[in-house]
Amino acid sequence: MRKVSLLLSVVSSCIMANSTVIATKSCEAYNNMKHTTNTSHIVLQPNQSYTSVREYKGQNFIIIPDANPRQRWVDSSCLKKRKVPTKVRQLDKKTTHKVSHSNLLALSWHNAFCQTHQHKKECKRGLFSKFKKGYSDDRFVLHGLWPQPKGNQYCNVDRKYITMDKYKYWDKLPSLNLDSDIKNELKKVMPGVSSNLHKHEWFKHGTCYGKDTNGYFADAIAYTKAVNSSKVGVFFINHKGKRVSLNQVRKVVDSAFGKGAGDAVEMRCNNGMITELWFHLQGEGNNLKELLHTNHPVKSFCRSGFIDKAGFGR
């Protein structure tokens with residue numbers, strides 16, 4: 001327990017002190033401070049940049065992405081510091097790449113999410129009192145909008161913020177410059193804002209979307225509302241407490257957004273419950289009817305599931 005506590009204190013105390021360092025020579029990168037173990041015999045590459053999360057007694061605790069474990073101890077004499085920008089490059093401006101035309105929209109069935117994440121702020125019973133009429137637990141909420149392919153992440157994001165994000169220090173990430181109307185609508189469709197989920201989604205995925213923060217979330221909000229107000233949202237509300245199949249869901253999607261649209265949807269399940277619907281989108285714009293099309297049905301490992309009711313327990 002003492003070793004675990006020490007590691008946690010190292011990580012938590014150093015996140016805000018993260019810096020980018022450059023290897024000045026080839027040095028071994030050890031698993032521990034005593035330098036007794038070096039799994040896979042990892043050696044620093046001269047002139048290569050690394051993220052340092054702590055400097056302690058002549059050593060640096062750094063992250064080497066391809067190593068296992070990734071966190072290693074290296075003599076400080078093997079490194080030199082490099083100043084890290086205080087802001088993410090182009091944080092609130094359009095990115096330099098084109099708008100992504102292949103995206104994955106992940107919507108969570110909020111009842112099921114809270115069934116499996118009861119400790120989350122957004123799952124506290126009193127939270128929804130501040131939402132306007134029409135927004136209840138019985139709905140899909142925005143998890144994320146993810147540019148594809150899967151590895152298309154963290155575009156132009158500094159390593160400092162990537163490290164914060166991966167360690168889930170989302171509250172430490174810089175605030176997003178969202179217009180007031182976008183911010184208000186986002187809170188309605190993404191309860192996870194209370195846990196700073198929107199920051200995580202922007203830094204990891206939104207920076208690769210090709211629009212600024214407002215444009216990215218405006219599209220995601222529009223998609224979420226379109227699903228909830230469609231026959232898909234009605235179907236899930238009317239079938240709470242029942243088991244439904246993937247084929248049933250895809251037929252409803254076809255009815256709501258046009259023939260073949262259901263083939264672009266996969267179902268995600270956990271503990272027998274349908275937790276999410278993933279919509280594979282192709283093209284640009286915020287019209288789901290035009291974006292939901294595919295040449296072949298997407299794979300879905302979940303073939304049927306239970307639509308959870310609001311509240312904890314079934």
Side-chain angles (χ1 to χ4, degrees), residues 97-113 115-116 138-153 189-190 192 201 204-206 208-211 216-309:
H97 52 277
K98 295 180 179 180
V99 175
S100 175
H101 286 182
S102 179
N103 301 286
L104 180 60
L105 173 70
L107 298 183
S108 301
W109 181 244
H110 197 61
N111 296 340
F113 174 82
Q115 187 70 251
T116 55
D138 300 330
R139 62 190 170 108
F140 287 101
V141 298
L142 176 62
H143 179 176
L145 179 60
W146 308 328
Q148 298 298 295
K150 188 176 180 180
N152 191 16
Q153 303 172 348
V189 302
M190 181 186 260
E201 292 299 326
K204 185 173 183 179
H205 302 289
C208 300
Y209 189 64
K211 294 185 179 182
Y216 171 68
F217 284 112
D219 285 351
I221 290 167
Y223 298 150
T224 307
K225 286 185 174 182
V227 172
N228 276 320
S229 62
S230 73
K231 294 178 181 179
V232 181
V234 174
F235 175 83
F236 268 71
I237 290 175
N238 290 341
H239 288 77
K240 288 184 300 180
K242 299 178 182 178
R243 178 172 292 277
V244 300
S245 68
L246 174 65
N247 287 337
Q248 285 178 280
V249 172
R250 284 182 169 175
K251 285 181 180 179
V252 174
V253 175
D254 279 348
S255 178
F257 299 105
K259 187 176 180 180
D263 287 341
V265 176
E266 65 176 294
M267 215 158 63
R268 309 288 291 187
C269 298
N270 182 12
N271 195 27
M273 294 183 293
I274 300 174
T275 54
E276 294 192 328
L277 292 185
W278 285 9
F279 297 80
H280 294 253
L281 311 180
Q282 298 293 328
E284 186 179 356
N286 54 20
N287 188 330
L288 281 183
K289 190 171 183 178
E290 296 177 359
L291 300 177
L292 283 169
H293 57 81
T294 180
N295 294 327
H296 304 284
V298 297
K299 291 183 179 179
S300 181
F301 294 102
C302 177
R303 309 299 296 184
S304 68
F306 178 84
I307 299 179
D308 194 38
K309 297 179 182 179

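Computation of the quantities below employed the complete heavy-atom set of this structure, encompassing side-chain atoms and omitting hydrogens, waters and symmetry-equivalent molecules. Start at 1 with the first residue, then count along the sequence.
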Once you round to the nearest 0.5 Å, how far does CG of Leu104 lie from CG of Asn152?
12.5 Å
Go through the steps to decide whether Asp263 and Val253 satisfy the test side chain to side chain contact (heavy atoms under 4.5 Å, CB included), and finish with yes or no.
CA-CA 9 Å; Asp263 287 341; Val253 175; over 6 Å; no
Rounded to the nearest 0.5 Å, the OG1 atom of Thr294 sits from the NE2 atom of His280 at a distance of 8.5 Å
Which heavy atom of Met190 sits nearest to which heavy atom of His143, and what is that distance?
CE-O, 3.5 Å
Distance in Å, Trp109 CH2 paired with Asp308 CG, rounded so as to fall on 0.5 Å steps:
9.0 Å
Looking at every non-hydrogen atom in both residues, tell me the closest pair between Ser304 and Cys269 and how far apart they are.
O-SG, 3.9 Å
OG of Ser229 to CZ of Arg139: how many Å apart, nearest 0.5 Å?
13.0 Å
Between Phe140 and Phe236, is the ring centre distance below 6.0 Å?
yes
Flag if over 12 foreign heavy atoms under 6.0 Å of NZ, Lys240:
yes
Under 3.5 Å donor-acceptor, Asp254 side chain and Gly262 backbone
yes
Separation between NE2 (His239) and CZ (Phe306), nearest 0.5 Å, reads 12.5 Å
Should Arg250 and Met267 be marked as a side chain to side chain contact (heavy atoms under 4.5 Å, CB included) after you check the CA-CA gap, both sets of side-chain angles, and the distance that decides it?
CA-CA 9 Å; Arg250 284 182 169 175; Met267 215 158 63; over 6 Å; no
